[in-house]
Number of protein chains: 2
Amino acid sequence: MVFADLLRNRRRDRLTADDLDALEMTVSDIRSLPARRTMIARNDPVRMSTYLIEGFMCRYMDDRQGARQLVAVHVAGDFVDLHGFPLGHLDHDLATLTPCKVALVPHSALDNLMVTRPHLAKLLWFSTLLDAAMHREWIFRLGRLDAIARVSHFFCEIEAKLRAVGQSDGAHFQLPMTQADLGEACGITPVHMNRMLRELKDRGLMEISRNHIYIKDPIGLAQLGEFDPSYLFLDARN
Amino acid sequence: MVFADLLRNRRRDRLTADDLDALEMTVSDIRSLPARRTMIARNDPVRMSTYLIEGFMCRYMDDRQGARQLVAVHVAGDFVDLHGFPLGHLDHDLATLTPCKVALVPHSALDNLMVTRPHLAKLLWFSTLLDAAMHREWIFRLGRLDAIARVSHFFCEIEAKLRAVGQSDGAHFQLPMTQADLGEACGITPVHMNRMLRELKDRGLMEISRNHIYIKDPIGLAQLGEFDPSYLFLDARN
DNA sequence: CGCTGTCTTGAGGACGGTCAATGTTCGTGG
DNA sequence: CCACGAACATTGACCGTCCTCAAGACAGCG
């Protein structure tokens with residue numbers, strides 16, 4: 001089942017078995033990608049979209065000196081560049097963080113779905129708008145929070161996303177990002193990211209060791225990061 | 001013609017006359033809104049979407065102390081909260097900046113369009129993803145640029161958007177935002193915004209007086225703000 | 001004509017950046 | 001099994017950008 005994690009704990013219930021079957025039929029290829037590789041570059045025309053079955057990917061933009069700004073981090077269950085379907089090309093780069101397993105869906109097949117399955121199309125639209133909601137939260141984070149709060153907020157978001165697909169138990173999960181990567185997501189330097197991680201540890205909120213994240217005090221962390229998960233549109237039970 | 005500015009100079013050419021007629025039929029009401037009023041609050045369930053015919057609106061989120069972070073500024077031709085259609089509610093507040101004229105489109109009518117006009121639906125999807133592309137650029141701006149560059153970038157974006165709908169000639173346009181508003185868009189304090197505006201004037205790049213913006217050196221301004229309009233998906237001729 | 005919101009300017013301080021050195025971990029190959 | 005190198009993490013000293021606080025000027029509107 002390729003799309004087992006699609007919208008899992010979001011609006012999964014609205015995806016009928018028929019919808020899912022139709023979606024599975026659109027997959028033209030399943031591919032394994034190496035870690036740390038840019039898969040799609042800004043402005044490349046795209047004819048298929050990438051659904052992430054397994055692994056971590058990210059989207060980023062470069063400034064003039066080549067410094068990166070991450071604009072999204074993707075986990076299993078994310079339709080990573082579905083927005084390339086209506087847009088026609090991407091305005092940013094798309095890269096793997098870890099080795100990944102992805103399903104490729106030709107846009108021609110999605111055009112068919114638009115006609116034959118408007119209800120499914122609306123759910124796919126919804127999933128691209130979830131990303132937009134996260135973008136807005138990132139804007140808020142960068143515009144209004146200081147470094148320690150940004151980092152807290154970031155980890156809260158990732159934890160919530162991973163929990164929705166069963167990869168976090170709320171206290172521990174794996175995240176294959178270096179401190180430099182984390183800095184690129186939060187708009188701070190690697191050096192300062194290091195200091196903030198230490199402070200979070202000193203405050204008893206969370207710890208990080210290699211790629212393992214241990215949330216010691218989820219409530220305190222969310223409070224510090226002004227994190228409210230409602231923008232993730234998670235199911236109530238979650 | 002309500003939707004005269006919809007996707008104008010974007011992919012207007014792909015909107016057939018039939019599509020436009022069908023879209024006009026969905027309008028249930030045309031309303032005039034006062035300036036500086038929050039129209040939709042975060043988490044309000046929404047049953048209609050707002051198309052902006054005339055005026056300026058913005059979307060924003062508040063931090064715990066009540067300080068605002070703008071996440072979007074909207075001009076005529078923007079389908080301001082179309083994302084509320086697939087999402088069901090908004091994760092932010094929506095407010096007018098000036099008195100506005102808007103068209104209201106019930107979501108039930110949009111559901112019909114999804115079925116009867118998949119091609120039009122895809123263009124509406126596209127328009128929500130334009131907003132997402134702008135969100136990403138805002139993330140980049142806040143994460144990677146310093147204050148003077150953020151301000152430059154912001155004005156370049158607004159100018160490009162207004163030019164697309166015929167409200168800027170490239171050298172002058174009107175923008176009804178106070179320096180505090182501008183600060184809330186760029187993640188800086190009003191005081192520092194004031195200093196940055198002065199520096200832009202001193203450098204001969206642009207001037208602002210009341211609500212009038214005069215771009216003296218568009219190329220220099222774009223360079224300083226690392227602005228590349230490709231994310232706006234404007235037609236080549238524009 | 002005075003009130004209110006907006007703009008302007010200055011002084012001082014804090015947060016986060018920069019630069020640089022050192023420590024740690026891990027994969028690779030001898 | 002050890003030696004080496006590369007990537008990543010850690011720490012310190014210094015500094016600049018931007019924030020805070022505060023006062024005053026200006027403009028529009030009743």
Side-chain angles (χ1 to χ4, degrees), chain A residues 34-37 63-69 95 97-99 141-154 174-203 206-214 224-225, chain B residues 34-37 63-69 95 97-99 141-154 174-203 206-214 224-225:
Chain A
R36 301 251 157 211
R37 170 91 55 97
D63 72 5
R64 195 176 292 136
Q65 293 85 8
R68 282 186 185 194
Q69 174 63 47
L97 287 167
T98 58
R141 192 161 74 207
L142 293 169
R144 277 288 161 265
L145 302 184
D146 63 8
I148 190 81
R150 286 184 202 179
V151 177
S152 306
H153 187 286
F154 177 79
Q174 266 191 280
L175 183 69
M177 293 175 73
T178 65
Q179 293 185 8
D181 294 334
L182 295 170
E184 288 168 356
C186 296
I188 61 180
T189 59
V191 172
H192 203 57
M193 177 55 73
N194 184 276
R195 294 191 237 265
M196 294 302 100
L197 291 173
R198 176 132 76 98
E199 183 167 345
L200 288 172
K201 180 180 174 180
D202 289 347
R203 290 206 205 176
M206 58 165 285
E207 287 180 35
I208 177 170
S209 145
R210 289 299 292 159
N211 293 335
H212 291 266
I213 313 288
Y214 303 90
L224 179 56
Chain B
R36 301 252 157 210
R37 168 92 54 97
D63 72 7
R64 195 174 295 134
Q65 292 85 8
R68 283 187 182 192
Q69 174 63 47
L97 287 168
T98 57
R141 192 162 72 207
L142 293 170
R144 278 288 162 267
L145 301 184
D146 62 9
I148 189 81
R150 285 185 204 179
V151 178
S152 305
H153 187 287
F154 177 80
Q174 265 191 279
L175 184 69
M177 295 174 73
T178 66
Q179 294 184 9
D181 294 333
L182 295 169
E184 288 167 357
C186 296
I188 61 180
T189 58
V191 172
H192 203 57
M193 177 55 74
N194 184 275
R195 294 192 235 266
M196 295 301 101
L197 291 173
R198 177 131 75 98
E199 182 167 345
L200 288 172
K201 180 179 174 181
D202 289 347
R203 290 205 204 177
M206 59 164 284
E207 285 179 36
I208 178 171
S209 145
R210 288 299 292 160
N211 293 335
H212 291 266
I213 314 288
Y214 302 90
L224 179 56

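Here is the naming used below: chain letters follow the sequence lines, and residue numbers restart at 1 for every chain. From a predicted model like this one, the values you see are computed outputs, not experimental measurements.
If you take CE of A/Met196 and C1' of C/dA14, they are 12 Å apart, rounded to a whole angstrom. The CG atom of A/Asp181 sits 13 Å away from the C1' atom of D/dA9 (whole-angstrom rounding). Rounded to a whole Å, the CD1 atom of A/Ile188 is 6 Å from the P atom of C/dG17. Atom pair B/His192:NE2 and C/dA14:P shows a separation of 18 Å (rounding to whole Å applied). Atom CG in B/Leu145 sits roughly 11 Å away from atom P in D/dC18 (whole-Å rounding). Residue B/Asp63 contributes atom CG, which lies 13 Å from atom P of D/dC19 at whole-angstrom precision. The distance between atom CZ of A/Arg150 and atom C1' of C/dC15, rounded to the nearest whole Å, is 11 Å.
Within the 4.0 angstrom heavy-atom criterion, no nucleotide atom of any strand lies near A/Leu197. Nucleic acid contact for A/Gly183: none, since no nucleic acid atom lies under 4.0 Å from a heavy atom of the residue.
Distances shorter than 4.0 Å separate some side-chain N or O of B/Asn194 from OP1 or OP2 on C/dT8. Remark: B/Thr189 is in phosphate contact with D/dC19, judged by side-chain N or O atoms under 4.0 Å from OP1 or OP2. At D/dC19, none of the side-chain N or O atoms of B/Arg195 fall inside 4.0 Å of OP1 or OP2 (strictly under the cut-off). In this model, the phosphate group of C/dT8 is approached by a side-chain N or O of B/Gln179 to a distance below 4.0 Å at OP1 or OP2.
Remark: A/Asp202 CG to A/Glu207 CD distance equals 9.5 Å, nearest 0.5 Å. Remark: A/Asp63 CG to A/Gln69 CD distance equals 9.0 Å, nearest 0.5 Å.
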Please list each protein N or O that sits under 3.5 Å from an N or O in nucleotides 28-30 of chain D, with the distance.
none

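For A/Arg198, whose side chain is taken as the heavy atoms from C-beta onward, the closest listed nucleotide among D/dT11, C/dG16, D/dC18 is D/dT11. For A/Ala147, counting side-chain heavy atoms from C-beta on, the closest listed nucleotide (C/dG16, D/dC21, D/dA9) is C/dG16.
Within the 4.5 Å cutoff, the side chain of B/Leu197 has heavy atoms near those of the B/Val151 side chain.
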